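In this text the structure is predicted, and so the values were computed from the model without any measurement. Below, chain A is the first sequence line, B the second, and so on; all start at residue 1.
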There are 2 protein chains.
Amino acid sequence: MATTTKAAAREQARTEYNAFLAVCPSRQLLDRISDKWVVLILCALGDDPAARSSEPTPPTEADQPRAAPRTMRYSEISRLIAGVSQKMLTQTLRALERDGLLTRTVTPTVPVTVSYQLTNLGLSLHTLTRSIRGWAQDHMDDVLAHRAQHDVTAS
Amino acid sequence: MATTTKAAAREQARTEYNAFLAVCPSRQLLDRISDKWVVLILCALGDDPAARSSEPTPPTEADQPRAAPRTMRYSEISRLIAGVSQKMLTQTLRALERDGLLTRTVTPTVPVTVSYQLTNLGLSLHTLTRSIRGWAQDHMDDVLAHRAQHDVTAS
DNA sequence: CAGTATCCAGCTAGATACTG
DNA sequence: CAGTATCTAGCTGGATACTG
């Protein structure tokens, strides 16, 4: 019955492994935040608007530094994250809503108005991504220096 | 001269955007750690061996909880991270070496012996991934609950 | 032992066109 | 305005075979 046991064993190991990874919480989280657009949406909805200059900062309600998360409409997000396609934006927003990281509110005007806002959970995740950004700012130039050095040495 | 300015503008925006992302330190970091195998290698080299049971814990020098990072040989890592292919393991290790996150030491025995060890930078990154794991452990069941709820409600 | 080299399937992101 | 639907090109990861 047993065909080449070598290959079979390897395949089995891989299958078990994938099963493990599929339920590993860390892995699931990393899969979420490694998505290009997730972090950017988190930033768009979580960062206070004054932080990003070159945007016409609205004078109204600009002085609560970190109170409630802002709500943004689909088109606002789309404009802020200039490079995203409609497909990816919708897809990502829906995934984040599904995971309870943000809320989607439809107001039945004509045409419809849809607004998005981070939940506490989403806000908490945003805090985590900020700490990631912190590491990047502190150490990424070291990494880049090493990389450049390595590339030169190997010539 | 201007062909359909609509499409051209979009494309330009996207190009600029990609350029921005390419140099963004946070993005670069996320691209690194979102790699399936990077985190696992970090764990393999950074976690103390006693933490993972079902492994024959070597009695020697097992009582420094977080002193020097352990060194492991290629085949050890390969065995520990059962699901990884040679290609991916080598590729990932080389990338991490290039970035100064670990060192690769070749001992010219016959056959050759190659050992890997985290640098301080790598250790620091490992700390970050542990905080990510922390978030996952604290909040991922919330996320999963939301997801399940959402899927039921939408039926 | 510790790789290198090559080929290929699967998935995903983006382009494009259409709509309540 | 805020999407949905469809098609496809490109990249990545895995299988397989070979080597100093």
OP1 or OP2 of C:dG14 less than 4.0 angstrom from a side-chain nitrogen or oxygen of B:Tyr17, does that happen here? no

Salt bridge check: are A:Arg27 and A:Asp31 linked by an N-O gap of less than 4.0 Å? yes

Are the charged groups of A:Asp47 and A:Arg130 less than 4.0 angstrom apart, N to O? yes

Is the shortest side-chain N/O distance from A:Arg73 to OP1 or OP2 of D:dA2 below 4.0 Å? yes

From C:dG3, D:dT4, D:dA2, nucleotide with atom closest to B:Val114 side chain: C:dG3

For A:Asp141, is the CG atom crowded, meaning more than 12 foreign heavy atoms sit under 6.0 Å from it? yes

Within the pair A:Ser75 and D:dA2, is there a side-chain N or O less than 4.0 Å away from OP1 or OP2? yes

Would you tell me if any nitrogen or oxygen in the side chain of A:Lys36 comes within less than 4.0 Å of OP1 or OP2 on C:dG14? yes

With nearest nucleotide decided by heavy atoms, which residue, B:Gln86 or B:Trp37, maps closer to the 5′ end of DNA chain D? B:Trp37

Which of these nucleotides, D:dG13, C:dG3, C:dA13, is closest to any side-chain atom of B:Met88? D:dG13

Heavy-atom distance under 4.5 Å between the side chains of B:Thr71 and B:Tyr116, does that happen here? no

According to the Watson-Crick and G-U wobble definition with distances under 3.5 Å, which dot-bracket string, read 5' to 3', encodes DNA chain D, using [ ] for crossing pairs and | for pairs with another strand? ||||||||||||||||||||

Residue pair A:His126 / A:Gly46: nearest heavy atoms and the distance that separates them: CE1-C, 3.6 Å

Looking only at side-chain N and O atoms, does B:Arg104 come under 4.0 Å of OP1 or OP2 in C:dA2? no

Hey, are the side chains of A:Leu45 and A:Leu102 touching, using non-hydrogen atoms and a 4.5 Å cut-off? yes

